[in-house]
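Each ligand, and each atom within it, is numbered from 1 in the order the structure gives. Residue indices begin at 1 and follow the sequence shown. Since this is a predicted model, take the numbers as computed values, not measurements.
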Amino acid sequence: MRHHRRLIGFITLTASMGMVLGASSAIAQTYPAKPISLIVPFAAGGPTDIVARTLAAAMSKPLGQTVLVENKLGAGGTLAASYVAKAAPDGYTFLIHHNGMSTAPALYRKLAFNPLTDFEYVGQVVDVPMTLLGRKDLPAKNLQELMAYVKTNASKINLANAGLGAVSHLCGMLFQKALGADVTTVPFSGTAPALNALLGGQVDLLCDQTTQTTQHIKAGTVKLFGVTTKERIRALPDAPTLSEGGLKDFEVIVWHGVYAPKGTPIAVVEKFNAALRTALKDPTFANRMIDLGAEIVPDAKQTPEGLRSWLQSEIQKWGPVIRSAGVYAD
Ligand code: ASP
């Protein structure tokens, strides 16, 4: 009798597994059946938006469907992340975000999502250096003069960023910490409007990514004090690193991950990941990223596990740094 029950159990289990596999391969065959939304947490024209739109165009080809970029602004990128965490897990809503996914848990004590449990992970995209910029007529020719100027005039300095959780905020916070200077920070909905304010002389300093700043540095419309990488970068070979300029070991690299809502079918995540990896090899995408100072991540980081494990390590890395700075958004 018991043998009989075990046999029925085995047949039922095999049948249900067959149904699940059948369903997921059916999803994979029909997906995507309509355009896909890629949510960008910052204003159009900024560095994240530039990466997103270039990636979306390159992914639309292998997917055979349009990947539409939508900018959802606010709270240093956390509103967009929360929106995607709560979106339908149907494969038609994805998020592209940067280090902000790893700094938000320390910055926001009432965070509306958990980066480690509310998402499926697609993969990483590019690593982007940052540049410390001043308005054109700031009275400092190099980093040494800038540090002296900021220390003396901290109460008059306006440092722009894209809100708490943005990498421009993180870079600016580390800069102030290194100098022991407390300046006024001015948040914007992204570093596109922040850069406009710098170009217009409404703010004095901005730390932003080369994906947006390279063209302005080459055009001479802003003052460059250094790049936030250990070594000089190909896109700006004459630009000193902040480390060589006097801020020893100052390093901020902006990494980018693509996420889906938790529960998105694995077959869909795998198909979107395959399109991501194809896009990263697309010469149009790759050449534009290289021109803008961005580095395409190695294959191992382009996988779901390559993003999940990196995110976990970054949360562990930045948590103590942010808590020691005593910075909270809420
Ligand atoms: N990456 C943001 C943007 O694209 C800026 C930031 O995080 O500082 O505007």
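- Listed as neighbours of ligand 1 are Phe42, Gly46, Pro47, Thr48, His98, Ala162, Ala166, Val167, Ser168, Gly190, Thr191, Gln209, each bearing a heavy atom under 4.0 Å from the ligand.
- Between Thr191 and the options Leu206, Asn196, Val167, a side chain to side chain contact (heavy atoms under 4.5 Å, CB included) holds for only Leu206.
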Listed pairs under 3.5 Å, donor-acceptor, residues 39-58 side chains, sequence neighbours left out:
{"unit_1": "Asp49", "atom_1": "OD1", "unit_2": "Arg53", "atom_2": "NE", "d": "2.9"}
{"unit_1": "Asp49", "atom_1": "OD1", "unit_2": "Arg53", "atom_2": "NH2", "d": "3.3"}
{"unit_1": "Asp49", "atom_1": "OD1", "unit_2": "Asn71", "atom_2": "ND2", "d": "2.9"}
{"unit_1": "Asp49", "atom_1": "OD2", "unit_2": "Gly45", "atom_2": "N", "d": "2.9"}
{"unit_1": "Asp49", "atom_1": "OD2", "unit_2": "Arg53", "atom_2": "NE", "d": "2.7"}
{"unit_1": "Arg53", "atom_1": "NH2", "unit_2": "Asn71", "atom_2": "OD1", "d": "2.9"}
{"unit_1": "Thr54", "atom_1": "OG1", "unit_2": "Ile50", "atom_2": "O", "d": "2.6"}

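- Using cut-offs of 30° and 60° on the angle between ring planes, the pair Tyr92 and Tyr31 is tilted.
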Compile the donor-acceptor pairs under 3.5 Å between side chains in residues 123-143 and protein atoms, sequence neighbours left out, one pair per line.
{"unit_1": "Gln124", "atom_1": "NE2", "unit_2": "Gly306", "atom_2": "O", "d": "3.1"}
{"unit_1": "Thr131", "atom_1": "OG1", "unit_2": "Asp208", "atom_2": "O", "d": "2.9"}
{"unit_1": "Thr131", "atom_1": "OG1", "unit_2": "Thr213", "atom_2": "OG1", "d": "2.9"}
{"unit_1": "Arg135", "atom_1": "NE", "unit_2": "Asp204", "atom_2": "OD1", "d": "2.7"}
{"unit_1": "Arg135", "atom_1": "NH1", "unit_2": "Asp137", "atom_2": "O", "d": "3.4"}
{"unit_1": "Arg135", "atom_1": "NH1", "unit_2": "Asp137", "atom_2": "OD1", "d": "2.6"}
{"unit_1": "Arg135", "atom_1": "NH2", "unit_2": "Asp204", "atom_2": "OD1", "d": "3.1"}
{"unit_1": "Lys141", "atom_1": "NZ", "unit_2": "Glu145", "atom_2": "OE2", "d": "3.0"}
{"unit_1": "Asn142", "atom_1": "OD1", "unit_2": "Gln144", "atom_2": "N", "d": "3.1"}
{"unit_1": "Asn142", "atom_1": "OD1", "unit_2": "Glu145", "atom_2": "N", "d": "2.8"}

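- Annotation: cation-pi pair Lys72/Tyr83 present, NZ/CZ under 6.0 Å from the ring centroid and within 45° of its normal.
- With sequence neighbours excluded, the residues that form a side-chain hydrogen bond (donor to acceptor under 3.5 Å, both in side chains) with Asn273 are Arg277.
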